[in-house]
Amino acid sequence: MSDIIKSKSELSLEQEFTDLDTRTFTVENPNTAINLKSAINDLSSYMAENQVTVGDKAGADFSRIKSAKIKRSVVTYYDLTPQG
Amino acid sequence: MATSINYSSTASGGKTLSKSVTAINPNIDNAVAKTFTQKLNALTTNTLSTINRVDKTEIDPNITYYNVKLIFNVVDGQHITFDNTTNTLTIDAANIQQGEHEMVTLSMDLDTASQAHITNPIRIIDWTFGNNPDLAIYADATNRLGIDFIKQKNTSDTVTLTLAGGSFVAGSTTYYYSPVTITVIINA
């Protein structure tokens with residue numbers, strides 16, 4: 001049995017509110033085939049204009065998506081079966 | 001105030017990845033929720049399948065939702081008229097006696113090309129009548145708006161009445177409508 005390698009990527013979007021509090025949510029498997037910066041800015045504008053967010057924030061309006069980052073991880077599961 | 005929504009996504013291979021968060025405003029406009037889903041969907045190669053509001057209504061981005069304008073047809077309102085263009089209910093209180101009931105049936109029509117006629121239960125979610133001791137207003141189980149004249153109304157008044165939004169199905173289409181605010185003019 002050989003080693004198993006699993007890779008994963010996720011996009012974290014940090015929402016900022018008028019009281020400077022933040023809420024972060026993640027989207028699995030970001031679509032890197034598009035202009036992600038442009039799409040995120042477009043989403044941010046729409047969220048601000050319509051006050052639609054993801055999360056449990058209450059008591060303040062949404063301002064913007066403050067930051068966005070893609071995290072990629074590669075996990076290798078070693079096969080430790082004794083050889084020979 | 002911001003509206004929060006749940007979302008879930010399906011990765012390739014059919015695995016569902018759910019993010020459960022608390023929605024704080026159940027009255028999100030459905031068209032907005034759909035557009036938001038589409039914009040969020042664009043960021044991922046997953047398929048965002050549903051957006052769940054706190055009232056558990058699923059919004060499928062593949063279904064077209066209509067924001068409908070309600071047109072009320074007042075039936076059996078002997079001293080009441082309704083103007084659909086201004087959403088104004090006018091009550092001729094001068095000809096209504098103390099203790100008299102005025103039951104008004106509001107049947108709703110869609111202001112769309114399909115012009116579907118529906119009858120949905122009326123639910124009052126906010127009314128300034130509550131502060132008016134001369135009248136009692138309520139919605140009964142048969143889709144009628146009831147107005148009771150507790151005392152003789154001798155002064156003219158203008159109050160507002162808000163009816164809850166809702167949805168109904170006509171054929172294969174689900175229609176959603178937002179809460180409706182009606183101006184009520186009482187002519188004493």
Side-chain angles (χ1 to χ4, degrees), chain A residues 4 6-73 75, chain B residues 1-62 65-67 165 176-179:
Chain A
I4 296 173
K6 290 191 176 181
S7 55
K8 174 181 163 181
S9 65
E10 61 183 27
L11 171 66
S12 290
L13 299 174
E14 184 183 20
Q15 306 166 96
E16 184 178 68
F17 298 85
T18 50
D19 61 358
L20 303 184
D21 194 7
T22 60
R23 291 287 188 275
T24 300
F25 70 100
T26 57
V27 176
E28 307 280 349
N29 295 331
N31 184 4
T32 54
I34 65 168
N35 185 333
L36 262 182
K37 288 184 188 177
S38 175
I40 293 169
N41 281 325
D42 176 62
L43 176 68
S44 179
S45 298
Y46 190 80
M47 291 167 70
E49 184 180 336
N50 293 280
Q51 286 300 306
V52 179
T53 67
V54 180
D56 61 353
K57 175 63 183 175
D61 287 347
F62 171 83
S63 293
R64 59 177 179 145
I65 292 180
K66 181 179 177 182
S67 68
K69 60 183 179 185
I70 293 182
K71 186 169 69 175
R72 296 181 178 87
S73 62
V75 180
Chain B
M1 186 177 293
T3 296
S4 293
I5 53 179
N6 300 336
Y7 74 92
S8 62
S9 67
T10 304
S12 59
K15 181 182 176 184
T16 299
L17 309 170
S18 294
K19 300 292 184 183
S20 297
V21 296
T22 303
I24 59 172
N25 184 349
N27 294 320
I28 182 175
D29 181 274
N30 292 301
V32 170
K34 178 188 173 186
T35 301
F36 177 77
T37 308
Q38 291 171 333
K39 289 182 183 292
L40 203 59
N41 213 356
L43 302 182
T44 173
T45 56
N46 287 5
T47 301
L48 287 179
S49 56
T50 59
I51 292 285
N52 296 320
R53 301 181 302 182
V54 72
D55 61 355
K56 309 302 181 187
T57 300
E58 293 189 0
I59 298 177
D60 188 329
N62 297 314
Y65 294 86
Y66 296 92
N67 280 323
Y176 285 83
Y177 53 92
S178 300

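Proteins get letters first, then strands, A, B, ... in listed order; numbering begins at 1 in each.
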| said: With a 4.5 angstrom heavy-atom cut-off, is it the side chain or the backbone of A:Leu13 that approaches chain B, or both, or neither? | reply: side chain
| remark: OG1 (B:Thr44) and CG (A:Asn31) are apart, to the nearest 0.5 Å, by 7.5 Å
| said: Please report the interatomic distance CG(B:Leu43) to OG1(A:Thr32), rounded to the nearest 0.5 Å. | reply: 12.0 Å
